[in-house]
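Written out below as structure tokens is the structure these notes cover.
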Amino acid sequence: MAGELRADHQRRIVEALRVSPAGASAIAERVGLVAHQVGKRLGELERAGAIEQTGRTVMSAARRPEREWRVRG
């Protein structure tokens with residue numbers, strides 16, 4: 001069950017990033033999750049080679065800087 005939920009979140013995050021690069025809070029808004037849930041998956045997806053950081057920072061929904069992500073390749 002937990003593995004299925006993780007895989008679903010990862011899939012939704014990658015799909016959101018295919019549209020355009022974004023930070024965790026913007027991704028969360030696009031896919032109907034909270035930023036904390038997205039943040040937990042970003043490292044997993046980066047280690048798997050699916051996504052990467054753009055090197056830019058964007059403002060979060062809370063008006064704090066956060067890393068911007070994109071689909072790798």
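Everything quoted here is computed from the prediction, not taken from an experiment. Side chains are part of it too, since the values below use all heavy atoms of this structure and drop only hydrogens, waters and symmetry mates. Residues: numbered from 1 along the sequence shown.
Between Leu5 and His9 the shortest side-chain heavy-atom distance falls below 4.5 Å. No side-chain heavy atom of Val38 sits under 4.5 Å from any side-chain heavy atom of Arg41.
Side chain to side chain, Gln53 and Glu68 fail the donor-acceptor criterion of an N or O pair below 3.5 Å.
The shortest non-hydrogen separation linking Val58 to Arg67 is CG2-O, 4.4 Å. Arg30 and Ala16 make their closest contact through NH1-O, 2.8 Å (heavy atoms, listed as atom of the first residue, atom of the second, distance). Considering every non-hydrogen atom in both Ala50 and Val14, the closest pair reads CB-CG2, 4.5 Å.
Using a 4.0 Å cut-off between a side-chain N of Lys or Arg and a carboxylate O of Asp or Glu, Glu44 and Arg47 do not qualify as a salt bridge. Under 4.0 Å is where a charged nitrogen must lie from a carboxylate oxygen, and between Arg11 and Glu15 at least one such pair does.
Each side-chain hydrogen bond (donor to acceptor under 3.5 Å, both in side chains) pair with one or both residues in residues 57-66, not counting sequence neighbours, appears once here: Ser25-Glu66.
Both Val71 and Leu33 sit in one connected hydrophobic cluster of ILVMFWY residues. Membership requires side-chain heavy atoms under 4.5 Å apart, directly or through other members. Hydrophobic clustering, with ILVMFWY side chains joined whenever heavy atoms are under 4.5 angstrom apart, groups Ile51 together with Val31.
Taking CG of Asp8 as the reference point, atom CD1 of Ile13 lies at 9.5 Å (rounded to 0.5 Å). Between atom CD of residue Glu52 and atom CG of residue Leu45 there is a gap of 12.5 Å, rounded to the nearest 0.5 Å.
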message = I'd like to know whether Trp69 forms a side-chain contact (heavy atoms from CB on, under 4.5 Å) with Thr54, so could you lay out the CA-CA distance, the side-chain angles of the two residues, the decisive distance to 0.1 Å, and finally the verdict.
response = CA-CA 6 Å; Trp69 298 85; Thr54 66; 5.9 Å; no
